[in-house]
Each structure stands twice: as structure tokens, then as C-alpha cells.
There are 2 protein chains.
Amino acid sequence: MSLRFAILGFLSVRPFSGYDLKRAFDQSVRHFWTADQAAIYRTLGELESKGLVEHERIAQDLRPDRNLFRPTEAGLAALDDWLTTPSPAAPRREPFLVRLFFSGRIDPDALLALVRAELDSVHDELRAFGDYVASLEAQVPDATDAWKAAMIGPLLTLTNGVSLGVAYRDWLTRIEGQLEGGSLTAELLLADLRAQLPDTDSSG
Amino acid sequence: MSLRFAILGFLSVRPFSGYDLKRAFDQSVRHFWTADQAAIYRTLGELESKGLVEHERIAQDLRPDRNLFRPTEAGLAALDDWLTTPSPAAPRREPFLVRLFFSGRIDPDALLALVRAELDSVHDELRAFGDYVASLEAQVPDATDAWKAAMIGPLLTLTNGVSLGVAYRDWLTRIEGQLEGGSLTAELLLADLRAQLPDTDSSG
DNA sequence: ATCAGATATATGTCATGTCACATATACTAC
DNA sequence: GTAGTATATGTGACATGACATATATCTGAT
């Protein structure tokens, strides 16, 4: 499970409480990893029982006590080990594609509605990326070199979200056009595929 | 869970045994949905207890008996209902991006190795798509109209796999180049992002 | 002869993830 | 007053998924 390593990763930057971690997940890695609050607290407990993190109870005047977690040496070693080890391809689970796969059963209008609903959510996602990028750009003028270096990893994941989001939007838009134009045929789709695929030794 | 609807979808085409279903998943929808064999048998049992599928035991001379499942009227109705209802965006889980996000901790060579390992697996995937497309193209000349119509859904999911696979490959290749050239900076990545993003109301 | 592999179905168990709930305090808005 | 929101930490129950294992028969290779 990557959750424990994602948590160790955050803790390698600065100490976090469970509550902080939940917000960090929601704000910064939501587009490629989500974490349930219950899972975070349980994973912290598990990591502590394995000696990979330790915590300190901080009393606060106006709020409940916080349990501030930080990684141990063993925790950082486990993190670095995981970071440098490629993991097997993650299985994908795309309910929208399951619907498309069996879309022969529903009428073209219902299919078009599905495609448009999906397009809406991609547009929302791209807009959210745009807002986030704008807020980062505003911070650049007075950013330190250390901050810029630390942002490279997060920025790389952002470029992934944007590149794939744009590709997904373009793919949906193409389908939308074909559905509207009534030109959605097996031959057309095969030709599309052939045009996009790298040449698979066509000269034998 | 989409698994039960994916199963109903297959059964809406023709009767399947659990064993057949496992092979159908592995062969045709592997790139966007995987199914554990145990999950298939259990889900079939669950669907049957809800009256959405029924089965018939077929004795065979040379092999173990097969339990052939087919959908009931209620099952087909549940399928069509699900097919036309958009589902909320599925959470993504990308261990590779978690590694990238925290890649500031590891040295650039290790990061380059990670990127190249990922590129290898994308190339393999695209090659598999290419082979599959070639096999489909070979079948087109003597395909019936009914077959072509039935292939539209599956072909749509293929175009998704190829479009996103190509985008993912291109994104990885860009990072590989930037890592090799030593030009990976926060400024460059932000400029990349800005160039790709649709204009977010630049004129207020 | 024997062993691996394909066909075929099924259970047991563990890990993981999600949802709902429980507890407690303080600030803000109505 | 009191309802809602934010801070903060947790538990219990259930759903889902992955892995290992069990059974049984036939085919083909060594």
C-alpha cells in the first residue's frame, strides 16, 4: 500500500497531525491519491507500532490536543527504499469506460448525455488545475530557491494531471463530435486507432 | 461497485460461466477494469441471490460441469439503469505519482530510472494495443454489420486506452528529456503548465 | 510413467478501504 | 440561546479486493 509511504513522505517534510495530513491529502495530492480520514489515523498507529514514526502530544489552549507525528530514522529509510523501487503497474478502475464498453445497449442520446457529463467533470478539473497554477505563479516572484526546488516533485504531478486531463478532454470531445455527426462507426474508430498508434512493424 | 454491472454486461451478450467471465475480463477489459476470479464467483452468487441472474448446470463429457449464467429480466433492467446513470468521478490511485511527488528526496539518477521503468511499461501497453488493433483489422473484411455495430463500445474504450497511453508516453518522454538535459526547474514546469492549460479568464 | 498446464468451480483468510458514528472544545452567525 | 462550522482524535461495522488453497479431469510433452 502506498498510503503509508505517502504519509511518510509528508512527514519527511515537516511534522503533521492526523488532521493536518487529511487536509494535506485533500489539498495537494487529491488528483492522484485520496485518503480516508479513518485510514490515516489507523495507518499512523500501524506505522508507530512498527517503529517508523513517533508522536508527541501537544497541548493547546483553545483547541483539543494534537498528536504531532514525525518519522524515525527507520521510517525515512523505508520511505527512500520505497521511493526508488518501481511498483508494478497499478490496476485501473474506470466505471465510465465500463459503461462505454457496453454502450451498445443504450440509445445514442443517452450515450451522448454520458459523454457530456464526463466532459463537464473534466472541464471542472482543468479549471481547478488552472486556478492552482495561477496561485503558484503568484508566489514565484518572492520564492526562495529552496522552495522552488521543493516544488519540482509536486509540479511534476501537476503536469501529469494537466497533460492527461487535456488528452482525456480531447478524446471525449472527439467522441461527442462523432456522436453528434452520426459518424460513429467501427471503421472510423479503427482508422483513428491506426493513426494514433506507433507503427507496429507494418513491413514484414 | 461496477463489477456486478460489468458481469451483467457480459451476460447481456451471451451466457457465460465464471471461468469464461474471468477470461473475458482478462482479454477484453483488462486495461480499465480487472477482476479477481474469486470476486467473480462470489459476485455471481450475490447477483443470483438478488434474482438478477440465473444459472443452468451443463454436464460435459471431458471436463467438469459448467454453470452457465444468464441475466433475468430484472438483471437487464438493472444493467440498463446503471448504464445510463453517470457515476461520480472515480478516485485515482497512482503510486508512480506518489513517488514523483516526493522525488525531491531521491537523487536525479534514481528518478530517471523510475521514469524509464514507467516508460517501458507504457511502451509495452501501446504495443499490446497495436497487436490487438491489427487483429481486429484482419477481421474487418469479412465482418457482418451486426458485429461492427457490437464492436463500437469496445472500440471506444480502446481509443481511450490509446489516446491516454500516448499522452502518458509523451509526458514521460518530456520529463526524461528534461532530466537528461538538467533543465528540470520549477519555472520550466510552470511555463509548461501555462502553455497547456486553457486560458483561465485572462481578461478580467 | 509422470508432470505441467488447461479446464472448471469454490472457499478461507487477510488486507484494505469506506461509512457512519462518538467525543470534545471554541468561535461565529442568526 | 442555539445552530452551524472548524479543530482534533478516534472506533466499529461493513464492503471490497487479493491471495492462497482445494478439488477434479483431461491433454500434451518429456
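We use all heavy atoms of the structure for the numbers below, so side chains are in, but hydrogens, waters and symmetry mates are not. Every chain is numbered from 1, with letters handed out A, B, ... down the list of sequences.
Classification of the B:Trp82-B:Phe5 ring pair by plane angle, with boundaries at 30° and 60°, yields parallel.
Nucleotide D:dT23 holds its C1' atom 15 Å from the CG atom of B:Asn67, rounded to whole Å. If you take CD1 of B:Ile7 and P of D:dT16, they are 12 Å apart, rounded to a whole angstrom. One can place CZ of A:Phe5 at 15 Å from C1' of C:dT16, the figure rounded to the nearest angstrom. When rounded to the nearest whole Å, the span between CZ of B:Phe69 and P of C:dA8 equals 14 Å.
In this structure, B:Phe69 has its ring center no closer than 6.0 Å to that of B:Phe16. Less than 6.0 angstrom separates the ring centroid of B:Phe102 from the ring centroid of A:Phe10.
Within residues 13-47 of chain A, the residues having any heavy atom under 4.0 Å from DNA chain D are, by residue number, A:Ser17, A:Gly18, A:Tyr19, A:Arg23, A:Gln37, A:Ala38, A:Tyr41, A:Arg42.
We find that B:Glu54 and B:Arg70 are not joined by a salt bridge, their nearest charged nitrogen and carboxylate oxygen being 4.0 Å or further apart.
Between A:Val98 and B:Val29 the shortest side-chain heavy-atom distance does not fall below 4.5 Å. Proximity of B:Ser12 to A:Arg105: side-chain heavy atoms (C-beta onward) are separated by under 4.5 Å at one or more points.
No engagement by A:Arg57 is indicated, since no non-hydrogen atom pair under 4.0 Å with the nucleic acid exists.
Of the side-chain N and O atoms in B:Arg93, none sit less than 4.0 angstrom from OP1 or OP2 of C:dT16.
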